Amino acid sequence: MTQIRAAIAGIHGYVPKDLLTNADLEQMVDTSDEWITSRTGIKQRHILKEPNTAVSDMGVRAARPLLEKTGTSVDEIDLVICATSTPDLVFPSTACLTADKLGIKNAFCFDVMAACSGLIYTLTTASKFIESGSHKCVLVISGDKMSSIIDYTDRKTCVIFGDGCGALLLKPTTDGTGILDAELQSDGSGAQYLHMKAGGSLKPASHETVDAREHFVFQDGGPVFKRAVQGMSGTLRTVMQRNDLAADDVAWVVPHQANERIIRSVASMADFPMERVMMNIERYGNTTNGTIPLCLAEWEKHLKSGDNILLTAFGGGFTWGSVYLKWHYDGAAASNGQTPISVF
Ligand code: UT7
């Protein structure tokens with residue numbers, strides 16, 4: 001029997017129009033363009049400033065053009081998964097809210113919270129529903145409104161993060177393309193280095209937690225940096241060995257965009273020349289679940305059917321891993337020469 005695989009059948013990104021540049025940050029905290037550029041590679045981030053808008057709105061703005069250009073009717077979608085760490089509300093899920101705004105009625109919907117590894121966890125989860133034959137048209141929303149949980153008086157975190165989102169369509173295929181393998185790992189003991197102190201059931205919101213500025217990202221960057229390099233390069237190696245892939249067999253590596261120095265270290269440890277490593281952190285910063293979709297969208301026009309692609313990510317949890325897929329469609333034809341990232 002021919003093996004059914006889940007293939008990415010389309011992608012579209014969305015970033016809000018407002019920019020937060022290094023020059024802006026120099027006016028807000030004790031930092032400099034030189035420090036931010038040399039330590040992170042970031043020059044600017046997009047920030048969602050419109051009142052009463054959240055991840056579901058970014059998801060809708062990414063998904064509508066995707067459905068239109070792939071000729072997909074909302075009635076075909078039978079599963080919606082949203083990868084986010086900044087859900088609109090604690091509950092219901094942002095997947096439910098996004099599906100409702102899009103008019104999707106025939107799907108079951110849930111969120112995946114795996115911090116910056118959310119997309120690779122979600123693609124792996126979604127692929128199982130497709131491989132089993134139970135689901136045929138999965139909409140993945142992957143993004144974050146990081147500005148909603150960033151303390152813009154904390155120079156250690158506010159220079160890193162931005163807002164952004166992607167939407168991907170997954171469909172069954174039997175032509176040998178699609179998601180072929182994944183190595184996903186977690187280590188909850190890493191929570192001490194990257195977490196939000198309050199707002200959950202451990203420490204519900206109160207005047208005290210607000211006064212203590214505990215509803216923001218806390219990060220001890222050094223240990224996270226080290227584990228990110230180890231985790232991403234280690235799982236890339238595992239997936240490559242398991243699938244008999246040499247660096248030359250891989251068309252593109254798509255790393256989570258947390259820090260240019262992390263990306264360059266991972267590429268060099270796995271022997272990938274930077275020309276085949278997607279990197280756009282300079283213009284978007286770390287959009288958490290948005291980074292890998294924004295890379296894939298930006299590079300869509302270069303992607304060819306059969307290209308071997310490795311996605312790799314590391315994030316809070318700790319969570320990390322790598323996914324191996326063979327690209328399904330002719331990206332140049334699908335994108336018509338345009339970069340499929342909407343900005344408004
Ligand atoms: O996305 C998910 C996971 N997250 C990551 O993968 C992020 C991993 N970590 C990192 O990317 C880096 O650790 C950071 C970018 C967060 C920090 O860079 P670093 O090179 O590790 O800096 P550091 O935290 O060791 O700080 C070095 C110095 C410190 O000053 P002292 O103590 O040496 O005087 C900081 O106070 O740089 C100072 N510093 C800054 N200076 C100017 C920290 N942030 C800033 C800043 N501007 N924005």
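In this text, all values refer to a predicted model and were calculated from it rather than measured experimentally. Counting convention: from 1, in listed order, for ligands and their atoms alike.
Using a 4.0 Å threshold on non-hydrogen atoms, atom 18 (O) of ligand 1 counts as touching the protein. Distance remark: protein heavy atom present below 4.0 angstrom from atom 37 (O) of ligand 1. Inside a 4.0 Å radius of atom 3 (C) of ligand 1 there is at least one protein heavy atom. Note that atom 33 (O) of ligand 1 has no protein non-hydrogen atoms nearby, at separations under 4.0 angstrom. The presence of a protein heavy atom under 4.0 Å from atom 23 (P) of ligand 1 is ruled out.
Of the heavy atoms in I36, none comes closer than 4.0 Å to ligand 1. Looking at N259 against ligand 1, only its side chain comes within 4.0 Å, counting heavy atoms. Residue-level proximity to ligand 1 for I160 is carried by the side chain, the only part with a heavy atom below 4.0 angstrom.
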How far apart are the C-alpha atoms of F318 and W320, what are their side-chain angles, what is the distance that settles it, and do they pass the ring pair (Phe, Tyr, Trp, His ring centres under 6.0 Å) test?
CA-CA 7 Å; F318 293 139; W320 69 97; 7.1 Å; no
Begin from the C-alpha positions of Y284 and F161 and carry the test ring pair (Phe, Tyr, Trp, His ring centres under 6.0 Å) through to its verdict.
CA-CA 8 Å; Y284 301 111; F161 295 97; over 10 Å; no
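A salt bridge does not link D18 with R45: every distance from a Lys NZ or Arg NE/NH1/NH2 to an Asp or Glu carboxylate oxygen is 4.0 Å or more.
Taking a 6.0 Å sphere around OH of Y193, one finds it holds 12 or fewer heavy atoms contributed by other residues, nucleotides or ligands. Within a 6.0 Å radius of NZ in K101, other residues, nucleotides and ligands contribute more than 12 heavy atoms. Shown here is E50, whose CD atom has more than 12 heavy atoms of other residues, nucleotides or ligands within 6.0 Å. Heavy atoms of other residues, nucleotides or ligands lying less than 6.0 angstrom from CZ of F344 number more than 12.
Considering backbone and side-chain atoms together, R155 places an N or O closer than 3.5 Å to an N or O of ligand 1. Of the N or O atoms in G221, one or more lie within a sub-3.5 Å distance of an N or O in ligand 1. Close N/O approach between R39 and ligand 1 is found [any backbone or side-chain N/O within under 3.5 Å].
Under the side chain to side chain contact (heavy atoms under 4.5 Å, CB included) test applied with V277, the options V250, L310, I263 reduce to a single match, I263.
Considering F225, F318, W35 only, the shortest heavy-atom separation from atom 41 (N) of ligand 1 involves W35. Taking only non-hydrogen atoms, the option from E260, R261, M146 nearest to atom 21 (O) of ligand 1 is R261.
At least one heavy atom of N286 sits less than 4.0 Å from an atom of ligand 1.
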